[in-house]
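Structure record follows, encoded as structure tokens.
Computed from a predicted structure; not experimentally measured.
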Amino acid sequence: MNTKTMEGIVGSKNNMELTSTPMRVFREARRKGDVDAMERAMGYAGDFTQKADEYKVKAHEGTKEDVKEARKKAEAEQESAIRKRKEEREDFEKRLEESKKNADTVEISTEGKILCKENNGSESTADGTESAGGDAAGVNAESVRTEPVIYTKTGEVSKSETGTELSVSV
């Protein structure tokens with residue numbers, strides 16, 4: 001809160017409270033019929049009221065200044081947030097480019113190509129093209145193992161037991 005605003009509010013309140021004393025004197029003088037005392041009391045009450053109005057204007061000016069400062073602060077915070085988001089986006093784009101550079105590649109073995117050929121009727125090559133039929137690198141379909149295989153944690157093929165079924169959900 002601006003100092004002008006605080007000073008205006010406090011000054012206005014105090015002067016309005018101080019008005020009550022001359023008004024009480026005015027009422028008492030009216031009861032007695034003392035016109036001079038009534039005029040003096042009204043003069044004091046008018047002075048206090050006028051000062052309260054001046055402080056009210058001062059508080060209003062201070063409030064306007066507070067609003068201007070708040071707007072400037074909000075604009076600065078908004079610019080800061082925009083700058084921060086822009087930096088975060090640039091950082092994200094850099095990390096995305098780095099992750100694209102460090103991406104893993106997958107190559108399909110000849111046995112996998114043959115299995116794919118048997119299942120789909122065509123063969124996918126390493127460069128992404130497909131060729132139909134034929135023998136891939138001298139490996140024929142009979143030499144490829146088509147029964148289920150279980151792998152150990154080390155990646156080796158474990159010996160399969162006949163009659164054992166294994167269900168895996170991923």
Side-chain angles (χ1 to χ4, degrees), residues 1-18 49-170:
M1 185 178 279
N2 192 333
T3 55
K4 272 188 173 180
T5 305
M6 289 188 299
E7 183 180 343
I9 292 171
V10 170
S12 180
K13 179 182 178 282
N14 287 340
N15 279 296
M16 289 309 290
E17 288 176 357
L18 289 174
T49 305
Q50 185 179 5
K51 285 182 183 178
D53 287 338
E54 290 171 6
Y55 279 113
K56 178 183 170 186
V57 170
K58 195 174 207 177
H60 187 66
E61 290 172 0
T63 304
K64 286 182 180 179
E65 290 177 11
D66 283 342
V67 169
K68 286 179 184 178
E69 290 176 13
R71 284 183 185 154
K72 286 179 183 178
K73 185 178 179 181
E75 288 174 4
E77 288 176 0
Q78 186 178 17
E79 289 175 8
S80 174
I82 290 170
R83 202 175 323 113
K84 183 178 177 182
R85 287 185 192 123
K86 186 175 182 180
E87 290 173 0
E88 288 174 354
R89 185 177 60 231
E90 289 172 357
D91 185 44
F92 175 73
E93 289 173 357
K94 286 179 185 177
R95 285 186 279 143
L96 186 63
E97 288 176 17
E98 289 177 11
S99 68
K100 285 181 181 178
K101 289 178 185 177
N102 298 333
D104 293 333
T105 58
V106 177
E107 293 182 21
I108 301 173
S109 66
T110 54
E111 292 88 10
K113 290 177 186 177
I114 292 173
L115 284 174
C116 183
K117 176 183 167 189
E118 289 175 357
N119 292 336
N120 296 335
S122 64
E123 177 182 339
S124 295
T125 59
D127 62 354
T129 60
E130 293 184 1
S131 61
D135 192 12
V139 180
N140 58 21
E142 292 134 12
S143 65
V144 177
R145 187 175 188 179
T146 58
E147 61 188 52
V149 178
I150 300 175
Y151 292 95
T152 63
K153 290 182 180 178
T154 59
E156 299 173 358
V157 177
S158 68
K159 297 179 182 177
S160 62
E161 300 175 17
T162 56
T164 305
E165 288 187 21
L166 179 64
S167 177
V168 178
S169 298
V170 181

Output, in order, the C-alpha distance, side-chain angles, deciding distance and verdict of side-chain contact (heavy atoms from CB on, under 4.5 Å) for Asp91 and Arg95.
CA-CA 6 Å; Asp91 185 44; Arg95 285 186 279 143; 3.5 Å; yes
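- The closest side-chain heavy-atom distance from Ile114 to Glu111 is not below 4.5 Å.
- Salt bridge status for Glu98 with Lys94: absent, with no side-chain N to carboxylate O gap under 4.0 Å.
- Taking CD from Glu54 and OG from Ser12, the interatomic distance works out to 10.5 Å, rounded to the nearest 0.5 Å.
- Applying the side chain to side chain donor-acceptor pair (under 3.5 Å) test to Thr154 and every residue at least two apart in sequence or in another chain returns Thr152.
- With sequence neighbours excluded, the residues forming a side chain to side chain contact (heavy atoms under 4.5 Å, CB included) with Lys86 are Arg89, Glu90, listed by chain and number.
- The only option from Leu18, Asn15, Asn14 that meets the side chain to side chain contact (heavy atoms under 4.5 Å, CB included) definition with Lys51 turns out to be Asn15.
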With a 3.5 Å cut-off and sequence neighbours excluded, list the donor-acceptor pairs that the side chains of residues 55-74 form with protein atoms.
unit_1 : atom_1 : unit_2 : atom_2 : d
Lys58  : NZ     : Glu7   : OE2    : 2.7
Thr63  : OG1    : Ala59  : O      : 2.8
Glu65  : OE1    : Asn2   : ND2    : 2.8
Glu65  : OE2    : Lys4   : NZ     : 3.3
Asp66  : OD1    : Asn2   : N      : 3.0
Asp66  : OD2    : Asn2   : N      : 3.3
Asp66  : OD2    : Thr5   : OG1    : 3.2

